[in-house]
J.: 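First the structure, then my questions, so here it is.
Treat the numbers as computed from the prediction; the structure is a model and nothing was measured. Both ligands and their constituent atoms are indexed starting at 1 by order of listing.
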Amino acid sequence: MRPADVRDVPFLERVLLEAYNWSEARFTLDWIRTDAMARRYLEEFPADGDLGVVAMVDGAPVGAVWGRALPADRAGYGFVAPDVPELTLGVLPQARGRGVATRLMSNVIEAAWERRLPGLSLSVEDGNAVRWLYERPGFEVVGRNGNSDTMLLRPAAGTRTTRRPA
Ligand SMILES: CC(C)(COP(=O)(O)OP(=O)(O)OC[C@H]1O[C@@H](n2cnc3c(N)ncnc32)[C@H](O)[C@@H]1OP(=O)(O)O)[C@@H](O)C(=O)NCCC(=O)NCCS
């Protein structure tokens, strides 16, 4: 696990596509690159207030989670407040089922509290089993946007349960 930086943007683009296509191949890379909403998740990353973690295996990235602190007038689907980064999470198909996402989430939550951020948010579409991965460290539903829930993790909940039991 290592912090994400500007050189990771091409990889984060692949992960963003995985997140958009969580249920089936609905979107293409070309679409991700041109859609105004999708672009918000990567344009000028990392800006002030952003954070991210990349999971590496044998020197190659296999998964990532990153948060964007977007202003209200350029909000993402899971916007809560401009100083609360909205997370995007994804693991490449060949690396799934081995705890990579669990560790990515623990790492990004720990990094957020180290930076004394007021919270982390995200958007999860109805039916995505990944919800469990968010509920476990304490994310709670705080809003609704289309067919997705907006979830928020506040520091008090996060500091209790970021680590998985051994
Ligand atoms: C969701 C995703 C990030 C999980 O990555 P992963 O590295 O395989 O996750 P983990 O191995 O850490 O598994 C975490 C837990 O979720 C469960 N889980 C993961 N994917 C699951 C799925 N598709 N269906 C049911 N359970 C699932 C695992 O069983 C595990 O539970 P456990 O710890 O109790 O055993 C990955 O499947 C992915 O990239 N999906 C597409 C993108 C996506 O949906 N992003 C989130 C958008 S909100």
J.: Between Asn21 and Phe27, is there a donor-acceptor pair closer than 3.5 Å when you use the side chain of the first and the backbone of the second?
T.: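 A pair under 3.5 Å: yes.
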J.: Heavy-atom distances under 4.0 Å decide this one: backbone, side chain, both or neither, for Glu125 against ligand 1?
T.: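 Glu125 to ligand 1: no contact under 4.0 Å from either part.
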J.: Please work out, at 4.0 Å between heavy atoms, whether the side chain, the backbone, both, or neither of Val130 comes within that distance of ligand 1.
T.: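 It is the side chain that gets close, since no backbone atom is under 4.0 Å.
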J.: Check this for me - ligand 1, Gly99, N or O atoms closer than 3.5 angstrom, yes or no?
T.: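 Looking only at distances, the answer is yes, because the N/O contact criterion of under 3.5 Å is met.
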J.: Using a strict 4.0 Å cut-off to heavy atoms of Arg136, name the atoms of ligand 1 that fall inside it.
T.: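 Once the distances to Arg136 are compared, the set is 32 (P), 33 (O), 34 (O).
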J.: For the residue pair Tyr41 and Glu86, confirm or rule out a side-chain donor-acceptor distance under 3.5 Å.
T.: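 Glu86 and Tyr41 do have a side-chain donor-acceptor pair below 3.5 Å.
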J.: Do you know which of Val108, Leu89, Asp50, Leu16 makes side chain to side chain contact (heavy atoms under 4.5 Å, CB included) with Trp66?
T.: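 When Val108, Leu89, Asp50, Leu16 are each tested with Trp66, the side chain to side chain contact (heavy atoms under 4.5 Å, CB included) holds only for Leu16.
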J.: Look at atom 43 (C) of ligand 1 and find which of Tyr77, Trp132, Trp22 reaches it with the closest heavy atom.
T.: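 Residue with the shortest heavy-atom distance to the ligand atom: Trp22.
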J.: Identify, by atom number and element, the atoms of ligand 1 in contact range of Gly90, meaning under 4.0 Å from any of its heavy atoms.
T.: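 Every atom of ligand 1 under 4.0 Å from some heavy atom of Gly90: 39 (O).
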J.: What part of Asn128, side chain from CB on, backbone N/CA/C/O, both or neither, has a heavy atom under 4.0 Å from ligand 1?
T.: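 Asn128 to ligand 1: side-chain contact only, backbone stays beyond 4.0 Å.
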J.: Near Arg98, which atoms of ligand 1 are under 4.0 Å from a heavy atom of that residue?
T.: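 By the 4.0 Å cutoff, the relevant atoms are 11 (O).
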J.: Considering only heavy atoms, does Met151 approach ligand 1 within less than 4.0 Å through its side chain, its backbone, both, or neither?
T.: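 The answer is neither.
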J.: If you measure from each non-hydrogen atom of Tyr134 to ligand 1, which part falls under 4.0 Å: side chain, backbone, both or neither?
T.: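 The side chain, only.
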J.: Should one rank Gly78, Ala129, Ser123, Ser148 by closest heavy-atom distance to atom 24 (N) of ligand 1, which comes out on top?
T.: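 Going through Gly78, Ala129, Ser123, Ser148 one by one, Ala129 has the nearest heavy atom to atom 24 (N) of ligand 1.
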J.: Provide the number and element of each atom of ligand 1 under 4.0 Å from a heavy atom of Glu18.
T.: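 Heavy-atom distances to Glu18 below 4.0 Å select 41 (C), 42 (C).
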J.: Regarding Arg116 and Asp83, does a basic nitrogen lie under 4.0 Å from an acidic carboxylate oxygen?
T.: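 Salt bridge absent between Arg116 and Asp83.
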J.: Just by distance, do the side chain of Ser121 and the backbone of Gly78 share a donor-acceptor pair under 3.5 Å?
T.: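 Answer holds: yes.
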J.: Do Pro46 and Leu51 have side chains that approach each other closer than 4.5 Å (heavy atoms only, starting at C-beta)?
T.: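 Counting from C-beta outward, Pro46 and Leu51 never come under 4.5 Å.
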J.: Run the numbers for me: atoms of ligand 1, each under 4.0 Å from some heavy atom of Gly97, listed by number.
T.: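 Numbered from 1, ligand 1 contributes 6 (P), 8 (O), 11 (O).
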J.: Nearest heavy atom to atom 45 (N) of ligand 1: which of Val100, Thr88, Leu87, Leu89 does it belong to?
T.: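 Nearest option to atom 45 (N) of ligand 1, by heavy atoms: Leu89.
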J.: For ligand 1, which part of Leu133 has a heavy atom less than 4.0 Å away: the side chain, the backbone, both, or neither?
T.: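 The answer is the side chain.
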J.: Before giving the answer on side-chain contact (heavy atoms from CB on, under 4.5 Å), spell out for Glu13 and Arg33 the whole-Å C-alpha distance, their side-chain angles and the decisive distance to 0.1 Å.
T.: CA-CA 8 Å; Glu13 201 173 48; Arg33 287 175 177 157; 2.9 Å; yes
J.: Between Glu18 and Pro93, is any pair of side-chain heavy atoms under 4.5 Å apart?
T.: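 Sidechains of Pro93 and Glu18: in contact.
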J.: Do Val130 and Trp22 touch side chain to side chain, with heavy atoms closer than 4.5 Å?
T.: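 Side chain of Val130 against side chain of Trp22, heavy atoms only: no contact under 4.5 Å found.
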J.: Using side-chain heavy atoms (C-beta onward) and a distance below 4.5 Å, is Asp8 in contact with Pro61?
T.: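 Not in contact.
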J.: Side chain or backbone of Ala101 under 4.0 Å from ligand 1, or both, or neither, by non-hydrogen atoms?
T.: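 For Ala101, backbone and side-chain atoms both sit under 4.0 Å from ligand 1.
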